[in-house]
Structures are given as structure tokens and as C-alpha cells.
A.B. asks: 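First the structure, which I've put down as C-alpha cells, then a few questions once you've had a look.
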Amino acid sequence: NAGVMQNPRHLVRRRGQEARLRCSPMKGHSHVYWYRQLPEEGLKFMVYLQKENIIDESGMPKERFSAEFPKEGPSILRIQQVVRGDSAAYFCASSPQRGGNEQFFGPGTRLTVL
Amino acid sequence: ILNVEQSPQSLHVQEGDSTNFTCSFPSSNFYALHWYRWETAKSPEALFVMTLNGDEKKKGRISATLNTKEGYSYLYIKGSQPEDSATYLCAFNNAGNMLTFGGGTRLMVKP
């Protein structure tokens, strides 16, 4: 059973470009979470999604960031018009159901904005 | 804003030493406390999910305890080995969907 997959592992963008980060949850998992680790900081929650629904986006910046988890295919975290402050490691986790079950993490995507 | 604190921030021990570190979290609205082991350039690896006050869990040489009334959890490593070197994260779950992480304890075990 493959773990949580994220791609790309490294992404370089120039200011103003768009970044698309993909996350494929573990087989059988319908809950996806995105976390961000800014330089010198800990992991911070961004958004929680189930298939076709955003359940909690309280950690998402108000502008330029969006996330989706379509019926088919991976979850996508999209950052429009990237700025240098978006440079961070973005981690995706999945769980089979909500609540206290453990969340299984992917290896992360390291975004660098030039 | 939920406050999850871990101490110490970093720890250097000799191979064979036993060690422990602390995670403190809000004592209200508790649902679960998660421990993860995180090696550089890898995914955080789940160690324990603890839900009941007084819980003790063990995996090999690593064990953890939970006190939800006072809001703390201890992680113990018995007979540390160099391969235990990693950052150990705790995360608080208040029955929302998100995990609130502490800053981690970075453990370095010298051979």
C-alpha cells in the first residue's frame, strides 16, 4: 500500500507565477489535510478537505491560495502570483476518517520563489 | 490560538542513554494527542495517537504517557541509538480536523 504521494518534491517559481502542488492520499483515505512549514517555524494547518468539499480552510491565507480535492484525481493546492514569502515546505496528510485517527504524511513539496 | 509547547528544543545524548521530553497542550476541548518522528527529508512518521487520560503507549524502546487534566505528555526513549536521531513532534487535536503542532524536540544521539 503506497503511502501519501506528493509531487513535485521541489518546485521553483519566479514571483508572479502560479504554483500547483499535488497530493495523492493513501488508498482508501478520503480526508486530506495541507500543512505548511515556513523557514524556522513549525508545521501549521492550512486546509482540510474531503472529496469535492472543503471542510475547514481556517488556516489558508485569504488571497491567492486555493485547494481542491476532486472526485477523481489528487488534491491540488494552488498558489497564484507567488511571492517570496510563500517559499516553504508544503505537506499533505491523509486519514481514513475525521477526528482522532492518525494522519499519514507525505514527503512534502519544497517551494522556492525567486 | 492553541498553544502547544515542546521542551527541550534540542537534546544531545550519548548512545545508550535514556531520555525523555515534554509536550504541553491546552487541557480543555481535548480529543487526541499525536506523536510523530521526523527525519530530515522524510515524511513525519506517526508514533502514537493518545486519547485517554492516563494512557501509556509503547513501541519498542519508545513509550509515551498522557495527562489530559494537566495538559502534558511525555515521550521516553530507552537506551537511545544513533538511528533515534530525529525531530520528535507532538500535535494536539481538539476534535476539529486540524493538528496543532509543537515546535518539536530535535534529538541527536552520539555513537
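Convention: sequence-line order gives letters A, B, ...; per-chain numbering from 1.
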A.B. asks: Could you walk me through whether B:E39 and B:T87 pass the side chain to side chain contact (heavy atoms under 4.5 Å, CB included) check?
C.D. replies: CA-CA 6 Å; B:E39 288 183 73; B:T87 297; over 6 Å; no
A.B. asks: Identify the residues of residues 105-114 of chain A whose heavy atoms come closer than 4.5 Å to a heavy atom of chain B, ordered by number, or report 'none'.
C.D. replies: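 Those residues of residues 105-114 of chain A which have a heavy atom under 4.5 Å from chain B are A:F105, A:G106, A:P107.
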A.B. asks: Could you look at A:Q37 and say if it's the side chain, the backbone, both or neither that has a heavy atom under 4.5 Å from chain B?
C.D. replies: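 Side chain only.
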A.B. asks: Parallel, tilted or perpendicular: which describes the rings of A:F45 and A:Y35, with under 30° parallel and over 60° perpendicular?
C.D. replies: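 Plane angle over 60°, so perpendicular.
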A.B. asks: Between chain A and each of B:P44, B:G103, B:G102, count heavy-atom pairs under 4.5 Å; write down the option with the most.
C.D. replies: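 Of B:P44, B:G103, B:G102, B:P44 has the most heavy-atom pairs under 4.5 Å with chain A.
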A.B. asks: Against chain A, label B:Y36 side chain, backbone, both or neither, depending on which of its atoms sit under 4.5 Å from a heavy atom there.
C.D. replies: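 For B:Y36, the side chain is the part near chain A, not the backbone.
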A.B. asks: Side chain from CB out, backbone as N, CA, C, O: work out which of these in B:L89 comes under 4.5 Å of a heavy atom of chain A, or both, or neither.
C.D. replies: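 Just its side chain gets close to chain A.
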A.B. asks: Considering only heavy atoms from C-beta outward, does the side chain of B:S73 approach that of B:N67 to under 4.5 Å?
C.D. replies: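 Result no, sub-4.5 Å side-chain heavy-atom pair not found.
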A.B. asks: Evaluate the ring planes of A:Y48 and A:H31, with Trp represented by its six-membered ring, and classify them as parallel (under 30°), tilted (30 to 60°) or perpendicular (over 60°).
C.D. replies: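 Geometry flag for A:H31 against A:Y48: parallel rings.
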A.B. asks: Given B:Y31, which partner from the list B:N93, B:T51, B:T68 fulfils the side chain to side chain contact (heavy atoms under 4.5 Å, CB included) test?
C.D. replies: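 Of B:N93, B:T51, B:T68, side chain to side chain contact (heavy atoms under 4.5 Å, CB included) with B:Y31 is met by B:N93 alone.
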A.B. asks: Is it the side chain or the backbone of B:A41 that comes within 4.5 Å of chain A heavy atoms, both, or neither?
C.D. replies: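 For B:A41, backbone heavy atoms alone lie under 4.5 Å from chain A.
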A.B. asks: Under 3.5 Å, is there a donor-acceptor pair between the A:D56 and A:S58 side chains?
C.D. replies: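 Side chains of A:D56 and A:S58: pair found under 3.5 Å.
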A.B. asks: Can you list the residues that meet the salt bridge (Lys or Arg N to Asp or Glu O under 4.0 Å) rule with A:D86, with sequence neighbours excluded?
C.D. replies: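 With neighbours one apart ignored, the set is A:R64.
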A.B. asks: In plain terms, say whether B:E45 and B:R37 are close enough for a salt bridge, that is, a side-chain N and a carboxylate O under 4.0 Å apart.
C.D. replies: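 A salt bridge is present here (some side-chain N lies under 4.0 Å from a carboxylate O).
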